[in-house]
A.B. asks: 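What follows is a structure written as structure tokens; I'll ask about it next.
Quantities reported herein were computed from a predicted structural model and do not represent experimental measurements. Naming: A, B, ... by sequence-line order, numbering from 1 per chain.
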Protein chains: 2
Amino acid sequence: MVSTEPATVRLQSIRRSPAQARILAVALNLFAEHGVSGTSLQMIADGLGVTKAAVYHKFNTKSEIVLAVAENEFAKLEAVLETAEILEPRVRAREMLLLRVIDMAIERRRWVSVLQSDPVMIRLLADHEPLLRITERVYGLLLDGATGPEARVAAAVMSAAIGGTLVHPLVADLDDETLRRNLLRITRRIFDVDG
Amino acid sequence: MVSTEPATVRLQSIRRSPAQARILAVALNLFAEHGVSGTSLQMIADGLGVTKAAVYHKFNTKSEIVLAVAENEFAKLEAVLETAEILEPRVRAREMLLLRVIDMAIERRRWVSVLQSDPVMIRLLADHEPLLRITERVYGLLLDGATGPEARVAAAVMSAAIGGTLVHPLVADLDDETLRRNLLRITRRIFDVDG
DNA sequence: GTCTATATGAAGATAGAC
DNA sequence: GTCTATCTTCATATAGAC
């Protein structure tokens with residue numbers, strides 16, 4: 001059978017009802033504050049002002065909520081990626097990706113920790129092909145063929161630096177613009193020499 | 001009453017029975033893998049090959065286990081700190097602290113994520129004075145009086161970079177020595193210009 | 001130091017009414 | 001889309017024996 005369906009559905013094309021979107025927004029906030037395991041369906045329901053049953057009507061399991069939250073966030077990353085991947089030369093594509101990822105991370109600084117370091121999220125990311133593929137594309141573009149330890153450590157440092165810095169208590173009181181300027185300066189320094 | 005007791009007990013002076021130490025070792029491993037909230041006392045008991053009641057005999061609550069795990073780890077940091085703080089000039093003290101923290105983090109790379117980013121741990125760290133004080137001393141020495149955004153972002157990036165890089169999938173297959181060499185090179189680059 | 005047994009509550013999850 | 005009611009499982013935690 002000849003199909004025009006893509007092998008992988010674009011995450012951006014996933015549509016949710018308003019009720020589902022509300023659940024995901026509340027869940028993301030609670031995940032960020034308490035971790036995925038530390039967040040119960042009761043807490044999500046309370047956050048929405050409804051009962052657990054109402055939440056279960058929209059998502060059959062807690063896992064589905066976690067996955068949907070991840071898909072939502074990775075859809076934004078996918079959009080950035082698609083724009084960057086068609087850019088030439090590659091060095092410009094990389095620069096652009098870096099800029100946009102930092103912007104995205106700063107915009108969503110209250111939430112990056114869940115996506116980057118929650119054990120449940122990490123496991124989901126490793127097991128769920130579409131999410132894994134997005135991550136691989138990001139690193140593929142960032143490393144641009146380089147596979148040596150230097151390049152990989154540099155990319156890992158950058159990823160850790162961007163995500164980890166934003167949630168750090170030392171910079172909690174800094175405004176977005178100051179944070180972006182400094183983060184960009186520092187990541188450029190990491191990147192330019194090794195990337 | 002005149003007392004020779006220090007206002008704060010040194011974390012290194014806390015002694016545990018062998019049974020307690022075994023519990024903490026198993027707990028730390030499970031916390032790293034599943035997060036603190038994702039780890040039950042049943043899992044810890046199973047990991048030890050005993051019943052829950054046996055664990056409860058040594059620690060009255062799960063919180064106590066979490067706190068003891070944190071104290072154990074921070075005691076190592078405290079030891080490094082005490083050695084560094086008496087060094088002169090300050091630039092040497094900072095260099096030494098950085099080196100030893102990186103070594104410590106690499107030695108304990110499977111566990112840094114719990115201490116650095118688990119929501120339960122973060123809350124504990126913010127609420128528990130003795131742990132908070134250790135953290136403040138680390139940043140105090142690292143920043144050495146600097147309070148500007150540049151210095152603070154640099155310190156945050158470094159902290160995030162060290163902890164976050166070690167657990168990153170991109171470097172999961174790299175040996176400790178390669179990791180240390182590259183991490184040191186990169187953190188020096190962040191540090192030397194801003195620190 | 002470890003066990004069995006048990007209490008109590010909260011978790012995930014479903015059925016069926018409105 | 002939301003409710004009440006209910007089920008089951010698992011969580012934290014304790015009592016008391018060996």
A.B. asks: Start at the 5' end of DNA chain C and walk down; is the nucleotide closest to B:Gly49 or to A:Thr61 reached first?
C.D. replies: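 This one resolves to B:Gly49.
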A.B. asks: For A:Glu71, is there an ion pair with A:Arg16 - N to carboxylate O distance below 4.0 angstrom?
C.D. replies: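 The answer is yes: the pair qualifies as a salt bridge.
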A.B. asks: Could you check whether any side-chain heavy atom of A:Met96 comes within less than 4.5 Å of a side-chain heavy atom of A:Arg100, counting everything from C-beta outward?
C.D. replies: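 In short, these two side chains touch, coming nearer than 4.5 Å.
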A.B. asks: Could you tell me whether the side chain of A:Ile44 reaches within less than 4.5 Å of the side chain of A:Thr39, counting heavy atoms only?
C.D. replies: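 With C-beta onward as the side chain, the pair touches.
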A.B. asks: Would you say the rings of B:His168 and A:Tyr139 are close, in the sense that their centroids are separated by under 6.0 Å?
C.D. replies: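 Ring centroids of A:Tyr139 and B:His168 are less than 6.0 Å from each other.
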A.B. asks: Does the side chain of B:Arg109 come within less than 4.5 Å of B:Met104's, by heavy atoms?
C.D. replies: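 No. Closest side-chain heavy atoms not under 4.5 Å.
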A.B. asks: Calculate the interatomic distance between A:His57 atom NE2 and D:dT4 atom P; express it in whole Å.
C.D. replies: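 Whole-Å distance recorded here is 16 Å.
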A.B. asks: Would you mind classifying the nucleic acid contact of A:Ser40 as base, sugar-phosphate or nothing, using non-hydrogen atoms under 4.0 angstrom?
C.D. replies: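 It contacts sugar-phosphate atoms only.
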A.B. asks: Taking atom C1' of D:dC10 as reference, at what distance in whole Å does atom CG of B:Asp46 sit?
C.D. replies: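 Atom-to-atom, B:Asp46 to D:dC10, this comes out as 12 Å.
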A.B. asks: Under 4.0 Å, heavy atoms only, any strand: does A:Lys52 hit a base, just the sugar-phosphate, or nothing?
C.D. replies: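 If one applies the 4.0 Å heavy-atom cut-off, A:Lys52 turns out to touch a base.
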A.B. asks: For B:Ala53, which contact category applies under a 4.0 Å heavy-atom criterion: base, sugar-phosphate, or nothing?
C.D. replies: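 It contacts base atoms.
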A.B. asks: Under 4.0 Å between a side-chain nitrogen and a carboxylate oxygen: does that hold for A:Arg180 and A:Asp175?
C.D. replies: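 Salt bridge: no.
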A.B. asks: Nucleotide range of DNA chain C contacted by chain A, 5' to 3', under 4.0 Å to a heavy atom?
C.D. replies: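 Range of nucleotides touched by chain A: C:dA11 to C:dA15.
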